Amino acid sequence: MDINLNRRDFLLTVAAATLGIAAAPAILSPAAYAAGDFPDKPMQVLIPTGEGGGVDQAARAFDRIWSKYLGANFEYSYFPGASGQVGYEVFISKREPNAYNILFGNIGPEMIMYATQKVNYKYPEDFVYIGSMDVDDSVIWVSADSKFKTIQDLVEEGKKRQITLSTSRLPHPSTIGVLALAEATGMKVRMIPYGGGGPARSAAITGEVDGCATFLSTSLGLGDQVRFLTVFNNKNIAPSLTNNAPPVNQVFGTKIPPMSGQRAIAIHSKAAKAHPDRVKKLTETMKQVFSDPDYKEVAEKAGTPWEFIQYGDAAACDESAREYIALADRYRSLLTATK
């Protein structure tokens with residue numbers, strides 16, 4: 001039985017969306033839960049990065065709409081550290097595999113982390129992704145007053161001296177993209193992890209480093225403070241928002257694979273096997289979010305342009321996860337050389 005919100009609950013939901021991310025109140029009263037049905041208590045969301053970051057904002061925006069269809073509130077906990085490893089290990093070893101506990105992460109960087117670090121869990125034996133909600137391409141940008149006007153300028157400078165690029169965490173799709181570009185062009189580059197997107201972006205804007213390699217969506221809010229140089233995909237899906245930065249392969253004739261992130265929800269593999277009915281409820285209600293007109297407004301308030309929003313089912317998530325494990329293996333020597 002689905003639980004429907006009454007008019008007051010619905011209005012509270014819409015009001016919360018219009019107030020922005022910080023509000024994020026619980027919207028269902030205890031009486032709204034039906035004992036014996038799933039879910040009959042709040043969902044517990046573990047985020048393997050910091051509070052207030054891009055993943056947190058995307059999770060809260062998605063969950064705000066999801067709650068209307070799932071009939072549950074969401075409660076959040078944060079376990080940043082070791083490029084996401086801390087959060088995944090807490091989730092798998094400390095959280096009950098009951099489908100009430102979910103992890104909201106980012107497939108690209110976290111599967112690179114999985115493949116390059118010594119972790120105490122296995123994919124897909126210990127967890128599986130059940131759905132993703134966006135595709136966010138990696139980019140290189142510089143501060144607006146930088147002398148580098150194009151990606152060719154940056155690469156040519158990198159042939160004369162080692163350039164520096166900030167990144168939120170070293171196991172990241174943008175890191176692989178930059179290192180592959182350096183390998184193909186002879187550019188000398190040093191990737192500097194700052195332990196978070198905010199510090200990484202600040203370092204590039206202030207000129208502490210030559211530029212920043214990161215995901216596109218988290219940089220769009222910087223407006224005219226930055227100049228985008230290139231996109232690590234075959235097409236720039238938001239040219240008007242990125243001063244029409246060209247795809248890297250188009251400029252250099254390279255064959256660097258697309259380097260994107262996908263924010264996604266994972267559950268324990270044990271939960272998927274023990275509670276297929278709960279997983280079905282989760283996935284069916286997840287899909288309903290994408291056709292809800294309120295989601296566009298809430299997602300954009302959270303900083304994710306609507307062009308990036310794209311549903312991916314469990315099979316697509318698994319394919320992406322395995323691709324990133326393969327990419328990490330392929331570029332392992334380059335990733336290791338930068339440490």
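Note that the structure is a prediction, hence the values are computed from the model and not measured.
Checked by atom type, the side-chain pair S217/D136 shows a donor-acceptor distance below 3.5 Å. The closest side-chain donor-acceptor pair between Y69 and D292 falls under 3.5 angstrom.
S269 contributes a side-chain N or O that, together with a main-chain N or O of P124, makes up a donor-acceptor pair within less than 3.5 Å. The backbone N or O of A315 sits nowhere less than 3.5 Å from a side-chain atom of E319 that would complete a donor-acceptor pair. Between the D126 side chain and the Y123 main chain, no donor and acceptor come within less than 3.5 Å of each other. In this structure a side-chain-to-backbone donor-acceptor pair under 3.5 Å is missing from T167 to L170. Judged by distance alone, with hydrogens and angles left aside, the side-chain atoms of S146 form no donor-acceptor pair with the main-chain N or O of V142 at under 3.5 Å. Formation of a donor-acceptor pair under 3.5 Å by the T175 side chain with backbone atoms of P171 is not found in this model. Under the 3.5 Å distance criterion, the side-chain polar atoms of Q225 are left unmatched by any main-chain donor or acceptor of A144. Here the side chain of S132 pairs no donor or acceptor atom with the backbone of Q262 at under 3.5 angstrom.
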message: Checking R263 against E110 for the salt bridge (charged side-chain N to carboxylate O under 4.0 Å, His left out) test, could you report, in this order, the C-alpha distance in whole Å, the side-chain angles of both residues, the deciding distance, and whether it holds?
response: CA-CA 10 Å; R263 297 183 180 96; E110 285 150 22; over 6 Å; no
- request: Check the pair T150, Q152 against side chain to side chain donor-acceptor pair (under 3.5 Å), reporting the backbone distance first and the verdict last.
  value: CA-CA 5 Å; T150 67; Q152 294 97 321; 3.3 Å; yes
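Between D329 and R332 a salt bridge is recorded (basic side-chain N to carboxylate O distance below 4.0 Å).
More than 12 heavy-atom neighbours from other residues, nucleotides or ligands sit within 6.0 angstrom of CG on D277. Residue-environment remark: NZ (K273) stays at or below the threshold of 12 foreign heavy atoms within 6.0 Å. More than 12 heavy-atom neighbours from other residues, nucleotides or ligands sit within 6.0 angstrom of NZ on K149.
For S168, the side-chain contact (heavy atoms from CB on, under 4.5 Å) partners two or more places apart in sequence, or in a different chain, are H172.
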